[in-house]
Amino acid sequence: MENAKTINKPKKHKTFKELLPAIALTFALCFMLFIYEPISMYCANINDIWFDFGMMTPPMLMMFVIFFVPALALFTGIYFINRRFSEKLTVYSISLTVLSVIFIATYIQGNFLANSLPALGGGIIDWSLYTKETVITIAAWVCLAAVGVFCSLKIKFELRTKIFTAIGILIAAMLFVSTVTSMIQASALNPKNGIMATHRNFENISRDKNFCIFLIDGTEAEAFGKLVEENEEYKKTFEDFTFFPDTLGCYPCTRDTIPLILSGHLNRNEKPFGQFSSEAMNDSPFFDELTARGYDINIYDSDLVWYGNNKNYSIANNDENADSTHIKLDYYIGEQMKFIGYKYLPYSMKHLSHIEDFTFNSVTDKFVWNDQDVYDRIISNPNLEDNGKPMFQFIHTEGAHIPFDLDRDMVRDGTTYPNTYEEKIRGCITMVKAYIDRLKANGAYDNSVIIIMADHGNTDLNSSDDMFRRANPLFMVKGINEDHPYQISDTPVSYLELMQLYNELLDGKPAEELLKSLDPDRPRTFIWYRNFNLEKHMVEYETTSKAWDWEALKEGYTGKEYTLD
C-alpha cells in the first residue's frame, strides 16, 4: 500500500494527466463563448459593425483570458485540495462531470437550439412566449445531467478523464475549424478602412445657405401626421413645412435605405452589402452636386457603411478613420456578454442577458444616434458658428424606433406619460423643434432646406405582413425662404426619386412644387424582406395606389426576387 505522502503528492505526469480534462473543458468552453462566438457574430454581421477584425481582436482575447484563467485556477484548486485530503478525488470528479454537462449543454444550446431566437430590433423580448423552446432546453439539460450521473456511477475515473479530455479537444477543434471557415467566407481579415462620424461641425452652420436632412428612425407617416393634426402647437412648430403623407419608402429596414437616401442607388443583392454601400456612396450624384455647389458635407450616422479608399473618402468633413482607440472596452465587453447570454443561456434564463437590440455600434466615443444624446447636444449648444460656406447636414437619430422609452419631454422614466409609440414620436417632435429653434435663433432658418424624414415605419420585426406596413415613412420638407402655415400635399413621393427632389430643392423650388413633372399615377417600387436578418432574399412589389394601401402593395408582386449568393 502506498503511504500517505505518495498518495497526496503524485508524480508530475499523473497530476498533469488528471488535470488535463479540466484544462480541455475550460479551454473549450471559454474558446466557444469568447473567441468562436464573437468571431461568428462579427462574420454574420460584418456590415453592421463599424470596427474590423483587427480592432476587435485585443478586447476579444482579453475577455478570453479574463474568464479562462480564473476558471482553470478554480478547477486546479479543487483538484489539489481534493488530492490533499483524499485518494479518490471524489469532489474533483464531480466538478468535472458538472463542468462537462454545462459545457455540452451550452454547446447544444448555442449551436443547435438557437434557430428560433427573436430578431434584435430594440423591443423588450417576452421570453415567456418561447414555451416550446424552454421545454426542449429543459429536456436536453435533464438528459445530459442523467448521462453525467450515469457516467459518475458506472465509469471509472481514469476512463472518464479520457472521455472528458476527448470531448473538450474534439469540440474545440470543431469550433476552430468552423471559425476559420466563417472567417474565410466572410473575408473577415480584410481591414475595412471604414469611416465613423464624429461630432465635428455639429455646432456649425452657414448664414448663407444650408441643406439639412434630419432622419428620425422608424417614424410612420400616418402616426406622425395624426399627432400633428391634433395639436396646434405642433402645427406651429412645422409652419413653413409641407407634409407628404403619400410617401413610399423602398425597404422595410434601415441598412439598405440609408445609401438609397444619400446616393439614389438601389440594392438588389448583386454584391455583398459592404461593397454595394461603399460603391453607392462613392458614386452619389447628390454628393457630386453638393460638392460642385461648394457645400461643406457632414454626415452624422453611427451606422454608416462606407469602406475602403475611395474618391469621396474625406467628403464627409465630420468623419474620420475608424480605429481601435475608438472602442470603449467596458461597453464592448458588456455588449458581448449580453449577446453571448442571448445565444447560450437556456431559454428560461435568457432574460438575464437583458438584451433588446444589436447595439455594437454604441461601443464608441464618437457620434451615436441616441435621441437623448442628440437632443442634449442641441440644447446645450445654442450658439452656432458660421461655417463660411454652404453647409449640408445629415443627422440620423434613433427617432421613434423601439424601445419606446422616451416621452414628449425627452424623459426616460415613464412616470409622467405612458411609454408608447405615439409618445416617443412626441419626444422626436420635441427634439426636432429644438433643432429648428436653434436654426432660427442663429439666423440660419429661412436660408435652409430642411427635410424631416424617416427610413421606414414601425411594426413587429417578427411578422412578415407587418413588414409591408413599414413602407410609408415620414417625409416633410421646407424649402428656401418658405413662409406659410403647415400644409399637406397629396403629391405621391417615392424614395427612388429623392435625387430629383434634392436637385429641385437646391434650385430653390418650394416644397409644394416638388416632383410635379412626374405622373402621379406612376408605379412606385417597394422591396420587401422578412426582417433585417433575412435581407439576403428580397422580393419586389409595385403599386399605383396610396403608400398606406398595404393590400394593394402586396398584390403588386412583380415576379422579381433578389438573392445574394
Side-chain angles (χ1 to χ4, degrees), residues 7-38 58-111 140-141 144-153 155-176 329-330 332-334 336-341 343-346 348-350 352-353:
I7 293 173
N8 294 337
K9 293 184 179 181
K11 295 179 180 180
K12 290 183 179 180
H13 74 274
K14 185 177 181 181
T15 298
F16 176 76
K17 185 177 180 180
E18 292 174 340
L19 279 174
L20 193 55
I23 297 171
L25 290 171
T26 53
F27 176 87
L29 178 61
C30 292
F31 179 85
M32 177 176 69
L33 298 181
F34 307 116
I35 302 291
Y36 165 78
E37 185 52 44
M60 178 180 68
L61 294 177
M62 183 181 298
M63 286 185 66
F64 173 79
V65 171
I66 287 173
F67 286 90
F68 173 63
V69 172
L72 182 58
L74 172 64
F75 285 95
T76 302
I78 292 173
Y79 169 79
F80 279 109
I81 292 172
N82 196 170
R83 170 63 68 187
R84 175 68 178 83
F85 294 102
S86 173
E87 179 183 0
K88 293 183 178 181
L89 294 177
T90 303
V91 175
Y92 177 65
S93 175
I94 293 173
S95 69
L96 284 181
T97 302
V98 172
L99 175 61
S100 66
V101 169
I102 291 174
F103 169 56
I104 297 172
T106 304
Y107 169 73
I108 293 173
Q109 185 73 58
N111 293 278
W141 279 76
L144 288 170
V147 171
V149 172
F150 174 82
C151 290
S152 296
L153 297 175
I155 301 177
K156 292 183 178 180
F157 174 73
E158 290 78 9
L159 180 56
R160 267 184 288 140
T161 59
K162 293 180 181 179
I163 293 173
F164 294 154
T165 301
I167 289 173
I169 293 174
L170 178 62
I171 294 181
M174 291 168 54
L175 293 172
F176 177 79
L329 185 60
D330 55 341
Y332 174 85
I333 293 175
Q336 285 287 14
M337 292 303 296
K338 286 196 294 184
F339 193 80
I340 289 167
K343 279 282 297 288
Y344 288 90
L345 283 175
S348 59
M349 299 176 66
K350 286 187 185 295
L352 298 176
S353 67

Chemist: Excluding sequence neighbours, so at least two apart, what forms ring pair (Phe, Tyr, Trp, His ring centres under 6.0 Å) with Y92?
Modeler: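 Applying ring pair (Phe, Tyr, Trp, His ring centres under 6.0 Å) to Y92 gives Y79.
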Chemist: Testing the basics here: between G341 and S353, what is the closest heavy-atom pair and its distance to 0.1 Å?
Modeler: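 Closest approach of G341 to S353: C-CB, 3.9 Å.
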Chemist: Could you measure the distance from the CD1 atom of I155 to the OG atom of S93? Nearest 0.5 Å is fine.
Modeler: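 It is 10.5 Å, given to the nearest 0.5 Å.
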Chemist: When rounded to the nearest 0.5 angstrom, what is the spacing between CZ in F103 and CG in L33?
Modeler: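 With rounding to 0.5 Å, CZ (F103) is 8.5 Å from CG (L33).
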Chemist: Applying ring pair (Phe, Tyr, Trp, His ring centres under 6.0 Å), name anything that partners F34, two or more places apart in sequence or on another chain.
Modeler: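 Expected list: F67.
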Chemist: Quick one: are V91 and F85 in side-chain contact, heavy atoms under 4.5 Å?
Modeler: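 No, their side chains stay 4.5 Å or more apart.
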Chemist: Mind checking what makes side chain to side chain contact (heavy atoms under 4.5 Å, CB included) contact with P59, not counting sequence neighbours?
Modeler: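 For P59, the residues satisfying side chain to side chain contact (heavy atoms under 4.5 Å, CB included) (neighbours in sequence not counted) are L329, Y332.
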Chemist: Tell me, which pairs form a side chain to side chain donor-acceptor pair (under 3.5 Å) where one or both residues lie in residues 161-172, sequence neighbours left out?
Modeler: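 Sorted result for residues 161-172: empty, none.
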Chemist: Taking the side chain as every heavy atom from C-beta outward, state whether Y36 and N111 have any pair of such atoms under 4.5 Å apart.
Modeler: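 Answer yes - side chains close enough.
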Chemist: Using the test side-chain hydrogen bond (donor to acceptor under 3.5 Å, both in side chains), find all partners of S95 that sit at least two apart in sequence or belong to another chain.
Modeler: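 Expected list: none.
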Chemist: Taking all heavy atoms of G110 and all of K343, pick out the closest pair and write down the distance.
Modeler: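 Where G110 meets K343 most closely, the heavy atoms are O-CE, 3.3 Å.
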Chemist: Enter the distance from R83:CZ to T76:OG1 here, rounded to the nearest 0.5 Å.
Modeler: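 It is 13.5 Å, given to the nearest 0.5 Å.
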Chemist: Suppose we screen for side chain to side chain contact (heavy atoms under 4.5 Å, CB included). Which residues come up paired with I104, at least two apart in sequence or across chains?
Modeler: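 Checked I104 against side chain to side chain contact (heavy atoms under 4.5 Å, CB included); matches are I108, L144, I167.
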Chemist: Does N82 have any side-chain hydrogen bond (donor to acceptor under 3.5 Å, both in side chains) partners at least two apart in sequence or in another chain, and if so, which?
Modeler: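 Partners of N82 by the side-chain hydrogen bond (donor to acceptor under 3.5 Å, both in side chains) criterion come out as none, since no residue qualifies.
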Chemist: Is there side-chain contact between F80 and T15, with heavy atoms separated by less than 4.5 Å?
Modeler: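 Yes, at least one pair of side-chain atoms sits under 4.5 Å.
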Chemist: Once you round to the nearest 0.5 Å, how far does CG of L25 lie from CG of L72?
Modeler: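 CG of L72 is found 11.0 Å from CG of L25.
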Chemist: Would you indicate whether the side-chain heavy atoms of F16 and I23 approach each other to under 4.5 Å?
Modeler: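 Touching, per the 4.5 Å side-chain cut-off.
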Chemist: Can you name the residues that form a side chain to side chain contact (heavy atoms under 4.5 Å, CB included) with V98, not counting sequence neighbours?
Modeler: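 Residues passing side chain to side chain contact (heavy atoms under 4.5 Å, CB included) with V98: I94, I102.
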Chemist: Check the pair M62 / V65 against side-chain contact (heavy atoms from CB on, under 4.5 Å), numbers first and verdict last.
Modeler: CA-CA 5 Å; M62 183 181 298; V65 171; 5.9 Å; no
Chemist: For K350 and L345, indicate whether the former's side chain and the latter's backbone hold a donor-acceptor pair under 3.5 Å.
Modeler: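 Side chain of K350 to backbone of L345, a donor-acceptor pair under 3.5 Å: yes, one is there.
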Chemist: Once side chain to side chain contact (heavy atoms under 4.5 Å, CB included) is applied, do any residues pair with K88, and if so which ones, sequence neighbours excluded?
Modeler: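 Checked K88 against side chain to side chain contact (heavy atoms under 4.5 Å, CB included); matches are S86, T90.
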Chemist: For A172 and F31, which heavy atoms make the closest approach, and how far apart are they?
Modeler: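 Taking every non-hydrogen atom into account, O-CE2, 4.2 Å.
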Chemist: Do L96 and R160 have side-chain heavy atoms sitting under 4.5 Å apart?
Modeler: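 In short, these two side chains do not touch, never coming nearer than 4.5 Å.
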Chemist: Indicate yes or no: at least one non-hydrogen side-chain atom of T97 is less than 4.5 angstrom from one of F164.
Modeler: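 Answer yes - side chains close enough.
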Chemist: Mind jotting down which residue pairs meet the side chain to side chain donor-acceptor pair (under 3.5 Å) criterion with at least one end in residues 99-108? Sequence neighbours excluded, please.
Modeler: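 Sorted pair list comes back empty.
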Chemist: Would the F339 and Y344 ring centres measure less than 6.0 Å apart?
Modeler: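 Aromatic pair excluded; centres sit 6.0 Å or further apart.
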Chemist: So do the side chains of I333 and Q336 get within less than 4.5 Å of each other, counting heavy atoms only?
Modeler: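 No. Closest side-chain heavy atoms not under 4.5 Å.
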Chemist: Report the C-alpha distance between I35 and L175 in whole Å, list the side-chain angles of each, state the deciding distance to 0.1 Å, and finish with yes or no for side-chain contact (heavy atoms from CB on, under 4.5 Å).
Modeler: CA-CA 9 Å; I35 302 291; L175 293 172; over 6 Å; no
